[in-house]
Structures are given as C-alpha cells and as structure tokens.
**Q** 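The structure is given below, and queries will be raised subsequently.
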Amino acid sequence: MKVYIDGKYFSEKDAKISVFDHGLLYGDGVFEGIRAYNGRVFKLKEHIERLYYSAKAILLTIPMKHEEITEAVLETCRQNRLQDAYIRLIVTRGIGTLGLNPKTCKRPSVIVIVGKIQLYPPEYYERGLEIITVPTVRNLHSALNPAVKSLNYLNNILAKIEANNGGCEEAIMLNSQGFVSECTGDNIFISRGSHLATPPLTAGALYGITRGVVIDLAKETGMSVAEENLTRYDLFNADECFLTGTGAEVIPVVKIDGRAIGTGKPGPMTRNLVKKYHSLTASSGEPIYGAKTPNVRRKSR
Ligand code: PXG
C-alpha cells in the first residue's frame with residue numbers, strides 16, 4: 001500500500017512521521033475514517049467538512065484547500081488501485097519542540113492511509129451485538145468537545161478496554177449527567193414503535209456521518225426521528241437498538257447490561273435500515289476513477 005504524506009507517496013515501510021510531531025507527542029491533530037464502496041468514496045464531502053470543523057475547533061489551520069484534500073484522498077485510492085477501502089485521513093499539528101505549545105509547530109502534516117476494512121464478523125450482524133455500559137464517562141464538552149474528532153482517543157480507548165474486559169465488543173458511554181452519549185466508535189439509536197431516537201450532540205455524541213444518513217433513511221420510511229436525552233432505562237425498554245458508524249455501518253444490538261432488547265433478536269426496523277444503508281453505499285459516492293455518475297456529469301455542464 002502507498003501512503004500519502006504532504007503531497008508525496010511512500011511505501012508502507014517508508015511512510016514515517018517525526019517523533020517530534022505533536023500528533024505523536026500530545027495527540028494534537030484531527031482525523032477522519034472514510035469508506036469507499038465499488039469505486040466510489042461514500043459521503044466524502046461530509047467527512048472533509050467535518051475534518052475542517054474539527055481542525056477549526058482546535059485552532060489548527062489545514063494547509064490545503066477542501067478540493068486539494070478531496071483530490072489527495074481520491075488519488076491515494078487510485079495509486080493503490082482500490083475499489084473498496086477504509087481510508088484514514090489525518091492532519092497532525094506537525095513538528096515542534098518537546099514543549100506542548102503548538103506555536104513551535106511550523107506546518108501541519110496531512111496523511112492519507114488506505115487499507116482493507118476491519119468489520120465486525122458477519123454473525124454479529126445476524127445475531128446482534130451484546131454491549132455494556134462502562135464506568136469511563138464521555139469527555140465533557142467544556143473540556144475536550146466530543147464533536148472534535150481529535151487524535152486524542154484515550155477516552156474512547158479506556159471505554160473500549162472496559163468493554164473488552166466485560167467480554168463485549170462495544171461500550172455504551174454515559175456523560176457526566178448520566179445520559180447516554182454514544183459508543184466508543186459508533187453512535188447509538190433506539191426505536192419505540194415508529195419513533196426513532198438518538199442522543200443529541202450536546203449529550204456528548206459525535207456528529208456521525210452514518211448517523212445523519214440513517215436519520216434521513218428512517219424519515220423516508222415514515223418514522224419520526226428525534227434527538228433526545230436518553231437514559232439506560234430508555235435503552236433497556238426500547239423495541240430495537242442499533243449502532244451506526246463508518247466501519248460498523250448499521251449493526252443491531254440485542255442485549256444491554258444483561259437485559260434483552262425487545263425480542264432479543266435483530267428486529268424488522270433495524271433490518272430494513274441495514275438494507276437501505278447498503279443500497280445507498282452501493283449507489284452513491286465520489287467516483288475514484290472518473291466521471292461515471294450522474295452527480296459528476298451534472299457538475300461538468
Ligand atoms: N462516535 C465516535 C466516537 C466515533 O469515533 C462514530 C461515532 C461514528 O461516526 P461516523 O461518521 O463514522 O458515522 C465514530 C467514528 C474504527 C474507528 O477503526 C471507528 C470510528 C473512528 C475511528 C476508528 O473502528 N468511528
């Protein structure tokens with residue numbers, strides 16, 4: 001695999017960043033996890049916009065225009081002849097001194113790594129996930145706002161370790177008020193009848209791209225959708241529960257903290273959204289290899 005670093009391509013062996021980069025020294029930087037399906041990058045514009053919003057929040061000036069970053073992502077896919085991929089786009093604060101002041105960092109580095117996707121095993125989609133609430137509380141927005149997709153993921157990593165210690169793949173994180181925020185790398189939804197609910201961003205959720213897509217898809221099916229503060233009690237008594245994320249897509253949850261959710265099996269509403277999400281990823285996105293979609297033809301007129 002070839003890796004993009006600041007305008008050049010390197011082999012995996014030679015793709016290296018300085019030990020003085022504040023991305024390493026302090027987790028000072030931002031990133032995106034993006035996917036390509038069938039030769040098209042799904043929701044690329046949305047991911048790049050979120051990258052710039054994250055960067056703005058931490059006063060990091062990305063040294064490239066939106067279009068240049070878009071092209072770097074597409075060209076890295078081309079260089080690696082990929083049709084389906086997981087794309088990690090990273091902007092680090094850059095090389096500085098050992099002190100934490102970012103003023104010493106001359107220029108942020110832009111990195112694009114592409115790879116094969118690590119999915120949950122297919123049986124989890126069939127049977128559903130069993131997850132638990134963990135003790136590590138989601139970062140306060142007054143400290144490090146969870147809306148910033150920063151390189152500092154220790155909050156989520158600690159929760160993930162606690163989930164693994166409890167024999168689970170994912171963890172539900174609560175905020176300091178005890179409301180549900182999200183999972184370590186996924187947003188969470190519950191349904192009751194034809195109503196779908198997910199925590200608001202103010203509860204400590206990331207503005208998930210998949211979350212946004214699923215909200216739109218659910219509305220199309222005639223469901224009412226609301227961003228609501230949710231408690232564990234609300235989760236336990238939901239008809240259905242599922243998680244959303246670029247990696248996981250839409251995955252059913254069938255047990256939370258030992259309580260079966262609904263029938264204890266993936267429900268019809270979740271299955272329907274999984275199907276609709278798959279058909280959207282298969283039929284839309286930014287073409288990697290040229291103007292083959294109606295979307296691009298429209299632009300060139
Ligand atoms: N919440 C958090 C904390 C995330 O990191 C999501 C929600 C879902 O957002 P999107 O935009 O992807 O729908 C994420 C993103 C991984 C991995 O390797 C997953 C994410 C981030 C980093 C790594 O599984 N999910």
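Predicted model, so just to flag it, every value in this text is computed and none were measured. Ligands are counted one by one from 1 in listed order, and the atoms in each one are counted from 1 as well.
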**Q** Quick check: closest heavy atoms across Y86 and K116, and the distance to 0.1 Å?
**A** CB-O, 4.1 Å
**Q** Keeping N187 on the side-chain end and L243 on the backbone end, is there a donor-acceptor pair under 3.5 Å?
**A** no
**Q** F236 ring centre to R259 NZ or CZ under 6.0 Å, with the angle to the axis within 45°?
**A** yes
**Q** So if you build clusters from Ile, Leu, Val, Met, Phe, Trp, Tyr with side-chain heavy-atom gaps below 4.5 Å, do L129 and I256 land together?
**A** yes
**Q** Can you tell me if T133 and R232 form a side-chain donor-acceptor pair at under 3.5 Å?
**A** yes
**Q** Considering only N or O atoms, set out every pair between ligand 1 and the protein closer than 3.5 Å, with distances to one decimal place.
**A**
unit_1   : atom_1 : unit_2 : atom_2 : d
ligand 1 : 1 (N)  : E182   : OE1    : 2.6
ligand 1 : 5 (O)  : K149   : NZ     : 3.2
ligand 1 : 5 (O)  : Y153   : OH     : 2.4
ligand 1 : 11 (O) : R50    : NH1    : 2.8
ligand 1 : 11 (O) : R50    : NH2    : 3.1
ligand 1 : 11 (O) : I209   : N      : 2.8
ligand 1 : 12 (O) : T246   : N      : 2.9
ligand 1 : 12 (O) : T246   : OG1    : 2.5
ligand 1 : 13 (O) : I209   : N      : 3.3
ligand 1 : 13 (O) : T210   : N      : 2.9
ligand 1 : 13 (O) : T210   : OG1    : 2.6
ligand 1 : 25 (N) : G185   : O      : 3.0

**Q** Looking at F10, I want to see if its CZ is surrounded by more than 12 non-hydrogen atoms of other residues, nucleotides or ligands under 6.0 Å.
**A** yes
